[in-house]
Every structure is written in C-alpha cells, then in structure tokens.
Q: 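One structure follows; several queries about it will come next.
Computed over heavy atoms, backbone and side chain alike; hydrogens, waters and symmetry mates excluded.
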Amino acid sequence: MIFTVTLNPAVDKILFLDEFQRSRTNRLTQTLETIGGKGTHVSINLKLLEVHSTALGIALGENGKKIVKILGQWGVEVQFLHYELGGMESRTNYEIVENSEHICSMLTEKGPILPASITSDLLKQINGLIKAGDMLVLTGDASNVEDHAIYSKMTLVAKELGVKVFLDASGNYLKEGLNSSPFLIKPNFEEMCFIAGRNLTSEAEIVTAMQSLDEFGIPMIAMTWGRNGAIVKNGRVFYRVNPIEVKTINESGCGDAFLSAIIAGIEKNMNIEETLAAAAAVAAAAAESEVTAGFDPTRAAQLKKLAVVVKIQ
Ligand code: TA6
C-alpha cells in the first residue's frame, strides 16, 4: 500500500495575468481554484498512473472540507482527519501565472499552527495503518507544525516497521529529515543548494553535493531542476534526466508529478531508466496543464517517447 501524508494541505488559487507589475493594478485574465499541498498532488497523480494510494493529512474548517471533497472527486481514497477548531481553516496558496513567459510565482500561506494533540492523532493513525512493504510519502510544507523533527520522527517509526519513506520537504524540515535516512528525498535545485550550504553552479557540483550526503545512507536522491530536467542518484549511479520540450502553461506541480512517477515506477517494478523516462514525461505533461494538480495520462504516454535519460556516472 502507498500512503501520502499532507500535514499542511491548501486550496490553490491560480491567478493568470499577462505580466506582473509591482505597485500597479494588475488585471487578472483568469482565475482557477484547485487543490494544493504536495501529498494531495502525489495521490492524484498516482491515481492517473493507475496506482492506488490512500491520502492522509489534516484538514481544517470549510477549506479543509473543500480539500477532502476535491480529492474524492479525483477518485482518491481519502482518510484525512478533519477538525472544526475555533474557526481554524486549512490554508490558501496563490499562484501568479504570467501568460507572457509562463512564469509561475507562488505565494504560500503558513496556515494555522496545529496543536500537538492533532499531530499525535495523525501519528497514531499512520502507525495503525502502515505495515512492512508499504510506502509512506511525506511531502510539503510543515511549518504549521512547530517540531522541525516531525518528518524525521515519522520516518524512524515507519522504517522500524519495514516501510519505505519518500521525503519532499524544505528548509529545516528537510535538513532534520536527512538524519532519519529516508529511502528517497526529492529536493528541488534551491533545496539541494540549501542542504549543500552553498550555491551549486554545475552538474558536477550537484553530483559531488549528492555524494557528500552518503553519510546519511539515503538510497535515492531525485533533484528536480525546473526547465533543466533532473539529476537522480540511485545507489551509486547518477542519471541526468533531460527536460522534454513542451509549451509550459503552469510549471507549479511538476516536481510533485516527477516524484509520483518515480513512486509508480517502484510500485510497478519498472527499471530505473524507464521509471525516469516516465517521470520526465509526467512532469512535462503537468507543465502543459493550467492547474497545479494532475496531468493528461495519454499525453504523458506520447511524451515518454521523447524522454532522454543519461547515465552520467
Ligand atoms: O508543488 C505545487 C504545490 O503543491 C502547489 O500546489 C502549492 O500548494 C504548493 O506547492 C504547496 O507547497 P508547500 O511546500 O507550501 O507545501
């Protein structure tokens, strides 16, 4: 079984305009609303890849109900914990998409800080559900949980039970998470520089920075690099995954799509090259979509033929 966990899900408001002008009135050309957060996206993408997963997480108030409803509409099995707590609402995130260059800028809310009772409810639920051989996907912002080691703690418990843990976090939640040696981490380029503690300026430097994480014993590192594709470390082997040229509409959510295809490839026992080719294709198809969640599976299948995965060392 695969379980995705979204500690801080969101409703995404996607705001389209031609070009963002600071200290000016910007007229929107379109607005869309969809589901935000990363674990939610991974469950939706897995569904589109015909892989079953159960979406876990914390939903608060009316926004929380909306998030759970949208997940259900995608046909995802949802076991979120929902709370009505003194008017607390799951957060809203805003994506500004500039039609001119299809640049997407994200404005993410922090969301209300979760009382410890709620995070312990979730930990209890997860421990009651997961068993040996399962996969646990811990993704997205956790700044609504004051304990920076929340992902690390979840990872250690899960590994004890023989569960593979996939971690996509940022900042100190990611740094803390390294210590628990998850099966895979999916930093983007900025997060890889943050872990390395310096600006990485070349592919060779990225590979060296990934090698310097060997001390943490993380079998797989998938660094997404926006329109540069991705660099993936699988055991001691490194791959460059070239980007597939498409007409990008909204690149937000492409990292989630890339991670989802890797998880699906592992679940379906696909070999690494084929898994990474599929990941490149799913990420490219997601970039063609206006919204942050989901992609067109038929289109992804077409794009997979264009994928180039190179073993770099
Ligand atoms: O990756 C896209 C996305 O999941 C958006 O939907 C937006 O909600 C944001 O990223 C959430 O990321 P965060 O790191 O704040 O959890």
Side-chain angles (χ1 to χ4, degrees), residues 3-17 20 26 28-48 53-99 102-115 118-119 121-122 137-145 150 168-171 173 188 249-257 259-260 286-295:
F3 297 92
T4 64
V5 177
T6 314
L7 282 166
N8 203 359
V11 169
D12 276 357
K13 294 222 191 268
I14 308 168
L15 315 172
F16 294 84
L17 43 74
F20 181 68
N26 289 265
L28 298 177
T29 55
Q30 187 191 10
T31 61
L32 291 172
E33 186 177 277
T34 184
I35 192 166
K38 296 189 181 320
T40 50
H41 287 177
V42 171
S43 272
I44 289 169
N45 294 330
L46 286 172
K47 180 76 184 170
L48 293 166
S53 74
T54 302
L56 308 176
I58 305 293
L60 303 169
E62 288 312 307
N63 249 11
K65 283 186 191 146
K66 198 186 274 186
I67 288 164
V68 168
K69 185 168 164 238
I70 297 172
L71 272 172
Q73 286 164 343
W74 280 92
V76 168
E77 183 194 335
V78 189
Q79 290 191 34
F80 264 61
L81 302 177
H82 181 268
Y83 299 86
E84 294 288 357
L85 212 59
M88 277 186 176
E89 286 289 336
S90 292
R91 65 182 171 150
T92 299
N93 288 341
Y94 302 85
E95 270 95 29
I96 298 173
V97 179
E98 296 177 65
N99 305 323
H102 302 297
I103 290 174
C104 171
S105 310
M106 192 99 67
L107 307 169
T108 61
E109 287 185 343
K110 187 176 170 73
I113 298 293
L114 298 177
I118 290 185
T119 40
D121 287 350
L122 180 65
V137 187
L138 305 175
T139 58
D141 176 63
S143 59
N144 60 339
V145 177
I150 182 78
D168 178 2
S170 49
Y173 295 89
N188 59 26
I249 303 293
N250 182 350
E251 59 206 356
S252 168
C254 294
D256 308 332
L259 174 61
S260 310
E288 293 182 321
S289 154
E290 283 185 321
V291 288
T292 51
F295 62 94

Q: Determine the minimum heavy-atom distance between Asn8 and Ser143, stating which atoms define it.
A: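 Scanning both residues, the minimum pair turns out to be ND2-OG, 4.3 Å.
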
Q: For Glu288, what residues pass the side chain to side chain contact (heavy atoms under 4.5 Å, CB included) criterion, not counting sequence neighbours?
A: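 Testing Glu288 for side chain to side chain contact (heavy atoms under 4.5 Å, CB included), a comparison that skips the adjacent residues, returns Val246, Arg299, Leu303.
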
Q: Under the side chain to side chain contact (heavy atoms under 4.5 Å, CB included) rule, collect the residues that match up with Ala257, sequence neighbours excluded.
A: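 With neighbours one apart ignored, the set is Asn45, Val282, Ala286.
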
Q: Measure the shortest side-chain to side-chain distance between Asp121 and Tyr83 over non-hydrogen atoms and say whether it is less than 4.5 angstrom.
A: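 Yes - at least one pair of side-chain heavy atoms lies under 4.5 Å apart.
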
Q: Could I get the full list of salt bridge (charged side-chain N to carboxylate O under 4.0 Å, His left out) partners for Lys47, not counting sequence neighbours?
A: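 Per chain and number, Lys47 pairs via salt bridge (charged side-chain N to carboxylate O under 4.0 Å, His left out) with no residue.
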
Q: Would Leu56 and Gln79 satisfy side chain to side chain contact (heavy atoms under 4.5 Å, CB included), going step by step from the backbone distance to the final call?
A: CA-CA 5 Å; Leu56 308 176; Gln79 290 191 34; 3.6 Å; yes

Q: Please confirm whether the backbone N or O of Ile103 pairs with a side-chain atom of Glu98, one donor and one acceptor, at under 3.5 Å?
A: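 Side chain of Glu98 to backbone of Ile103, a donor-acceptor pair under 3.5 Å: no, none is there.
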
Q: If you measure from CE on Met88 to CD1 on Ile113, what distance do you get to the nearest 0.5 Å?
A: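 One gets 8.5 Å once the value is rounded to the nearest 0.5 Å.
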
Q: Do Asn26 and Leu15 have side-chain heavy atoms sitting under 4.5 Å apart?
A: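 No. Closest side-chain heavy atoms not under 4.5 Å.
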
Q: Main chain of Gly294, side chain of His41: is a donor-acceptor contact present, judged purely on distance under 3.5 Å?
A: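 No; judged by distance alone, with no hydrogens or angles, the pair does not exist.
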
Q: Which heavy atom in Ala293 sits nearest to a heavy atom in Ile35, and how many Å separate them?
A: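 Ala293 and Ile35 have their closest heavy atoms at CB-CG2, 3.9 Å.
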
Q: Can you measure from CD1 (Ile44) to CD1 (Ile70) and round to the nearest 0.5 angstrom?
A: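 Those atoms lie 8.0 Å apart.
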
Q: Can you measure from CG (Asn250) to OG (Ser289) and round to the nearest 0.5 angstrom?
A: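 Result: 7.0 Å between the selected atoms.
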
Q: What pairs with Glu62 under salt bridge (charged side-chain N to carboxylate O under 4.0 Å, His left out), at least two apart in sequence or on another chain?
A: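 So Glu62 forms a salt bridge (charged side-chain N to carboxylate O under 4.0 Å, His left out) with Lys65.
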
Q: Looking only at heavy atoms, what is the nearest atom pair of Gly39 and Thr139, with distance?
A: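 The pair with the smallest heavy-atom distance is N-OG1, 2.7 Å.
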
Q: In sequence, state the C-alpha distance, the side-chain angles, and the governing distance for Asn144 and Lys110, and then conclude on side chain to side chain contact (heavy atoms under 4.5 Å, CB included).
A: CA-CA 6 Å; Asn144 60 339; Lys110 187 176 170 73; 5.8 Å; no

Q: Which pairs pass salt bridge (charged side-chain N to carboxylate O under 4.0 Å, His left out) with one or both residues in residues 66-80, sequence neighbours excluded?
A: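 Listed once each, the pairs are Glu33-Lys66.
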
Q: Closest approach of Leu7 and Ala142, non-hydrogen atoms and distance?
A: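 In this case the closest contact between Leu7 and Ala142 is CD1-CB, 3.8 Å.
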
Q: Considering all heavy atoms of both residues, which atom of Asp256 and which atom of Val42 are nearest to each other, and what is their separation?
A: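 Closest approach of Asp256 to Val42: O-CG2, 4.1 Å.
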
Q: Run the salt bridge (charged side-chain N to carboxylate O under 4.0 Å, His left out) test against Glu109 and tell me which residues pass, sequence neighbours left out.
A: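 In terms of salt bridge (charged side-chain N to carboxylate O under 4.0 Å, His left out), with neighbours along the sequence ignored, Glu109 is linked to no residue.
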
Q: Once you round to the nearest 0.5 Å, how far does CD1 of Ile58 lie from CG of Leu122?
A: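 Rounded to the nearest 0.5 Å, the CD1-CG separation comes out at 4.5 Å.
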
Q: Using the side chain to side chain donor-acceptor pair (under 3.5 Å) criterion, which residues pair with Thr292? Sequence neighbours excluded.
A: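 Checked Thr292 against side chain to side chain donor-acceptor pair (under 3.5 Å); matches are Asp12.
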
Q: For side chain to side chain contact (heavy atoms under 4.5 Å, CB included), just list the numbers for Ile96 and Leu17, CA-CA rounded to whole Å, side-chain angles, deciding distance to a tenth of an Å, and then say yes or no.
A: CA-CA 7 Å; Ile96 298 173; Leu17 43 74; 4.2 Å; yes

Q: Glu89: which residues meet the salt bridge (charged side-chain N to carboxylate O under 4.0 Å, His left out) condition with it, sequence neighbours left out?
A: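 For Glu89, no residue satisfies salt bridge (charged side-chain N to carboxylate O under 4.0 Å, His left out) once neighbours in sequence are set aside.
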
Q: Could you list the residues that satisfy side chain to side chain contact (heavy atoms under 4.5 Å, CB included) with Thr108, not counting sequence neighbours?
A: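 Thr108: side chain to side chain contact (heavy atoms under 4.5 Å, CB included) contacts with Arg91, Asn93, Met106.
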
Q: Please step through side chain to side chain contact (heavy atoms under 4.5 Å, CB included) for the pair Phe16 and Leu32, ending with a clear verdict.
A: CA-CA 8 Å; Phe16 294 84; Leu32 291 172; 3.6 Å; yes

Q: What's the separation between atom CG in Leu71 and atom CZ in Phe80, rounded to the nearest 0.5 Å?
A: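 Those atoms lie 5.5 Å apart.
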
Q: Could you list the residues that satisfy side chain to side chain donor-acceptor pair (under 3.5 Å) with Asn99, not counting sequence neighbours?
A: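 Partners of Asn99 under the side chain to side chain donor-acceptor pair (under 3.5 Å) test: Asp18, Thr29.
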
Q: What residues, two or more places apart in sequence or in another chain, satisfy ring pair (Phe, Tyr, Trp, His ring centres under 6.0 Å) together with Tyr173?
A: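 With sequence neighbours excluded, Tyr173 shows a ring pair (Phe, Tyr, Trp, His ring centres under 6.0 Å) to His148, given in chain and number order.
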
Q: So, using side chain to side chain donor-acceptor pair (under 3.5 Å) as the criterion, who are the partners of Ser43 when residues are at least two apart?
A: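 With neighbours one apart ignored, the set is Thr4, Ser53.
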
Q: Nearest 0.5 Å, what's the OG-CG distance between Ser260 and Asp168?
A: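 It is 9.5 Å, given to the nearest 0.5 Å.
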
Q: What closest approach, in Å, do Glu95 and Ser252 show between heavy atoms, and which atom pair accounts for it?
A: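 So the minimum-distance heavy-atom pair works out to OE2-OG, 3.8 Å.
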
